[in-house]
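Worksheet: the structure to be examined is printed underneath.
Reckoned from all heavy atoms, side chains included, excluding hydrogens, waters and symmetry mates. None of the values given here were measured: they were computed from a predicted structure.
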Amino acid sequence: MRNGGYTELYTGELGDIGPALDSGVMYGCAGEGRVSGATRADLAAAAARVLLGAVGSGQAHAAANNGRVYELGGTAFSLHEVAAEFSRQSGRPLRYQDLSVGEYAEALTTQGLPREFSDLLADTSLAVSNGDWFTTSNDLEQLIERPAVPLADVIATQLRAF
């Protein structure tokens with residue numbers, strides 16, 4: 001199973017949405033890249049179905065499924081869209097500003113994250129710009145037998161927790 005990305009990571013789970021909303025700017029180095037994000041709960045539900053052999057019917061399907069790669073992702077979004085949705089729901093202006101990888105890692109370190117973690121997050125953001133977190137597959141929705149939780153719902157949850 002290959003995940004498109006955890007939606008929660010791009011909606012402030014690391015605690016960076018407060019400073020972003022205060023400053024009006026959300027930073028990253030993803031360019032115009034898109035993330036086929038899905039919640040951890042949706043990805044876990046899909047993984048459970050595959051691991052428990054609940055995909056398709058019977059042993060014949062389980063044997064035929066051996067070795068299949070599932071591309072798991074929800075409806076794709078850009079970080080510009082994340083910022084716009086936070087702005088819409090919070091009523092506070094927020095825009096996405098693209099930085100170089102080094103500038104983004106330094107900004108994260110300045111906010112108090114350890115350098116190694118800042119470098120990892122910056123590398124992940126750069127991977128978005130390269131298309132590494134994007135898929136057109138509908139495997140996730142087929143596995144969980146419903147649409148993935150939308151970005152707007154995840155942001156609403158984050159804002160309530162904030």
Study note, to complete from the structure: By side-chain hydrogen bond (donor to acceptor under 3.5 Å, both in side chains), Ser137 pairs with (sequence neighbours left out) Asp139
Check your understanding: Got a donor-acceptor contact below 3.5 angstrom from the Glu141 side chain to the Asn138 backbone?
Key -> no
Check your understanding: Considering all heavy atoms of both residues, which atom of Tyr104 and which atom of Ser125 are nearest to each other, and what is their separation?
Key -> CE2-CB, 3.9 Å
Study note, to complete from the structure: Minimal heavy-atom distance between Leu79 and Ala30, with the atoms involved, is CD1-CB, 3.7 Å
Point to revise | Ser118 versus Arg115, side-chain donor and acceptor atoms under 3.5 Å | key: no
Review point. So, does Glu145 use its side chain to make a donor-acceptor pair with the main chain of Gln142 at under 3.5 Å?
Key: no
Practice item. Return yes if some donor-acceptor pair links the side-chain N/O of Ser36 with the main-chain N/O of Ala76 below 3.5 Å, else return no. Key: no
Practice item. Validate the cation-pi geometry between Arg34 and Phe134: distance from NZ or CZ to the six-membered ring centre under 6.0 Å, angle to the ring axis within 45°. Key: no
Revision key, fill the gap. Shortest non-hydrogen pair, Ala122 vs Leu108, comes out as N-CD1, 4.4 Å
Review point. Is there a donor-acceptor pair under 3.5 Å between the side chain of Arg95 and the backbone N or O of Val25?
Key: no
Check your understanding: Among Asn3, Thr75, Leu72, which residue meets the side chain to side chain contact (heavy atoms under 4.5 Å, CB included) test with Leu140?
Key -> Leu72
Check your understanding: Going by heavy atoms in the side chains, are Glu71 and Val69 under 4.5 Å from each other?
Key -> yes
Check your understanding: Taking only residues two or more places apart in sequence or in another chain, which ones pass side-chain hydrogen bond (donor to acceptor under 3.5 Å, both in side chains) with Gln89?
Key -> Glu85
Practice item. Work out which heavy atom in Ala105 is nearest to a heavy atom in Asp119; give both atom names and the distance. Key: CB-OD1, 3.5 Å
Practice item. Answer yes or no: are there more than 12 heavy-atom neighbours, outside Tyr96 itself, under 6.0 Å from its atom OH? Key: yes
